[in-house]
Amino acid sequence: MESARSFESIVIIFNPNSTGDAPKLAEHLRDGLRELLSYAPDIRLQPTGHAGHAVTLAHEAAAGGRDVLIVSVSGDGGYNEVVNGVMQAGNPNAVCAVMAAGNANDHRRTTGTMPLAEAVAQGRVRHIDLLRIHTGQGPDAPGEYAHSYIGFGLTPVMAIDLEKGSKGAFKEMISVVRTFSKFQPFAIRQSDGKRRKFDSIVFANIAEMAKYATLSEADDKLSDGKFEVVIFPHMPKWRVLLKALRATTQGLGDQPSVSSYEFTTLKPLPYQIDGEVKSVDSGTFVKVESAPSALPILG
């Protein structure tokens with residue numbers, strides 16, 4: 001942990017159409033910072049206008065090398081965009097933070113240590129690992145970052161189904177159960193050349209996801225240069241359901257930790273990155289690796 005930081009500017013990025021009333025939360029944070037801080041930075045509110053806009057706004061805010069704090073008032077997907085924008089800017093003096101204003105808010109819930117305005121006033125910056133995924137560009141090409149997890153198989157299918165349905169714990173659980181009836185396993189070729197079939201693979205930088213599921217006991221390992229690999233090999237659907245229910249009740253226990261994981265897709269494959277669903281083509285080399293202590297954060 002470095003010495004207490006102050007900032008020349010604080011940029012608060014929010015989605016005006018957020019499910020968590022982000023505009024009011026952003027204004028409340030701005031007003032609270034003006035009261036709490038012993039110095040007077042330039043504090044700006046930056047609403048997003050479309051999907052992906054937060055990447056551009058965060059990149060612009062971080063570019064130039066100044067001491068800047070970029071706050072995402074959003075859920076996990078919005079924060080993912082901010083993190084990627086900041087990482088693309090390459091400014092070591094840029095710091096990130098997130099105020100929960102989404103549906104799951106997995107990252108803030110599992111990593112938060114104190115109210116955000118108070119954390120900014122204290123200025124105690126810490127560094128956490130990120131996940132970086134390369135999809136076909138080669139291992140040395142720039143990749144996309146994830147602050148919390150990347151999931152293949154059942155994870156993105158469940159996410160798509162939840163987005164179609166209503167929010168709320170009971171309805172979400174019904175959606176998850178309904179998903180099993182249409183879910184199909186996927187096969188990949190692993191780095192040893194063997195073809196294997198899975199129901200789900202999640203690369204996790206945090207211990208929990210989707211509000212209910214405890215993936216691992218990794219809550220104290222946010223900056224160890226490794227991530228957890230949570231694997232559901234292909235099995236009868238009733239066993240998958242039991243394992244998923246176990247994750248929501250008692251957790252899955254310790255999981256293997258690695259610094260990188262490689263495979264090649266055999267068919268087009270959807271994946272979920274910090275709550276947002278994307279896809280990768282058939283025959284694509286995929287590499288997920290840890291970016292150790294890559295992100296300076298507050299909160």
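Note that the coordinates shown come from a computational prediction; the quantities given were computed from them, not determined experimentally.
Shortest non-hydrogen contact noted between Asn91 and Ala62 is ND2-O, 2.8 Å. Counting all heavy atoms, side chain and backbone alike, Ala94 lies closest to Pro296 at O-CG, 3.5 Å. Closest non-hydrogen pair, Ala22 versus Ala101, comes out as CB-CB, 4.0 Å. Shown here for Cys96 and Val82, the closest heavy-atom pair between the two residues is SG-CG1, 4.3 Å. When every heavy atom of Ala121 is checked against every heavy atom of Leu37, the shortest pair comes out as CA-CD2, 3.6 Å.
Taking the side chain as every heavy atom from C-beta outward, Val68 and Val95 never approach each other to under 4.5 Å. Side-chain contact between Ser74 and Asn15 is absent, with no heavy atoms from C-beta onward closer than 4.5 Å. At least one side-chain heavy atom of Leu69 sits less than 4.5 Å from a side-chain heavy atom of Leu298. The shortest distance between side-chain heavy atoms of Arg195 and Leu266 falls below 4.5 Å. Contact annotation: the side chain of Asp31 never approaches that of His28 to less than 4.5 Å [non-hydrogen atoms, C-beta and beyond]. Inter-residue side-chain proximity for Val71 and Leu29 is flagged as met; some heavy-atom pair is nearer than 4.5 Å. When side chains are defined from C-beta on, Ile12 counts as touching Ile43, because their heavy atoms get closer than 4.5 Å. Side chains of Ile231 and Pro233 form a contact here, defined as non-hydrogen atoms less than 4.5 Å apart.
Within the model, atoms CG of Asn84 and CZ of Arg132 stand 11.0 Å from one another, a figure rounded to the nearest 0.5 Å. Taken from CG in Leu269 to CD1 in Ile188, the straight-line distance is 8.0 Å, to the nearest 0.5 Å. Between the CD atom in Gln46 and the CD1 atom in Ile70 there is a gap of 10.5 Å [rounded to 0.5 Å]. Taking CG from Leu295 and NE2 from His127, the interatomic distance works out to 8.0 Å, rounded to the nearest 0.5 Å. Rounding to the nearest 0.5 angstrom, the gap separating the CD atom in Glu228 from the OG atom in Ser257 is 3.5 Å. Between Glu276 atom CD and Lys278 atom NZ the span is 7.5 Å, to the nearest 0.5 Å.
Partners of Arg66 by side-chain hydrogen bond (donor to acceptor under 3.5 Å, both in side chains), not counting sequence neighbours, listed by chain and number: Ser9. Taking Asp67 as the reference, Arg5 meet the salt bridge (Lys or Arg N to Asp or Glu O under 4.0 Å) condition, with sequence neighbours excluded. Every residue two or more places apart in sequence or in another chain was checked for a side-chain hydrogen bond (donor to acceptor under 3.5 Å, both in side chains) with Asn93, and none qualifies. Here Arg196 pairs with Asp192 under the salt bridge (Lys or Arg N to Asp or Glu O under 4.0 Å) rule; sequence neighbours left out. With sequence neighbours excluded, no residue forms a side-chain hydrogen bond (donor to acceptor under 3.5 Å, both in side chains) with Ser191. Take Asp42 and apply the salt bridge (Lys or Arg N to Asp or Glu O under 4.0 Å) test, not counting sequence neighbours, and it matches Arg44.
Residue Asn80 forms a side-chain contact (heavy atoms from CB on, under 4.5 Å) with just one option from Val98, Val55, Asp274, and that option is Asp274. Partner of Phe152 under the ring-ring contact (aromatic ring centres under 6.0 Å, His included) criterion, chosen from Phe263, Phe198, Tyr261: Phe263.
Cluster membership check: Tyr271 shares its hydrophobic cluster with Val258, using side-chain heavy-atom separations under 4.5 Å among Ile, Leu, Val, Met, Phe, Trp and Tyr. In terms of hydrophobic clustering, with Ile, Leu, Val, Met, Phe, Trp and Tyr side chains grouped at heavy-atom distances under 4.5 Å, Val229 and Ile273 are assigned to a common cluster.
In this structure, Ser148 contributes its side chain and Asn205 its backbone to no donor-acceptor pair below 3.5 Å. Judged by distance alone, the side chain of Thr284 and the main-chain N or O of Gly136 form no donor-acceptor pair under 3.5 Å. Remark: the backbone N or O of Ser293 is paired with a side-chain donor or acceptor of Asp129 at under 3.5 angstrom. Between the side chain of Glu81 and the main chain of Ala54, a donor-acceptor pair closer than 3.5 Å is present. Ser290 places no side-chain N or O within donor-acceptor distance of the main-chain N or O of Phe227, the cut-off being under 3.5 Å.
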Original post:
After noting the C-alpha distance and the side-chain angles of Val73 and Ile13, does the key distance pass the side-chain contact (heavy atoms from CB on, under 4.5 Å) rule?
Top reply: CA-CA 6 Å; Val73 181; Ile13 299 173; over 6 Å; no

Original post:
Between Ile201 and Phe186, is a side-chain contact (heavy atoms from CB on, under 4.5 Å) present by the stated rule, with each step listed?
Top reply: CA-CA 10 Å; Ile201 302 178; Phe186 67 97; 4.0 Å; yes

Subject >> side-chain contact (heavy atoms from CB on, under 4.5 Å) between Leu130 and Val83, worked out >> reply: CA-CA 9 Å; Leu130 293 175; Val83 167; 3.9 Å; yes

**OP:** Go through the steps to decide whether Met99 and Ser72 satisfy the test side-chain contact (heavy atoms from CB on, under 4.5 Å), and finish with yes or no.
**Re:** CA-CA 6 Å; Met99 172 172 276; Ser72 177; over 6 Å; no

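No hydrogens or angles considered: nothing links the side chains of Tyr145 and Gln88 as a donor-acceptor pair under 3.5 Å. In this structure, a donor-acceptor pair under 3.5 Å is present between the side chains of Glu289 and His134.
Phe203 and Tyr149 have their aromatic ring centers separated by at least 6.0 angstrom.
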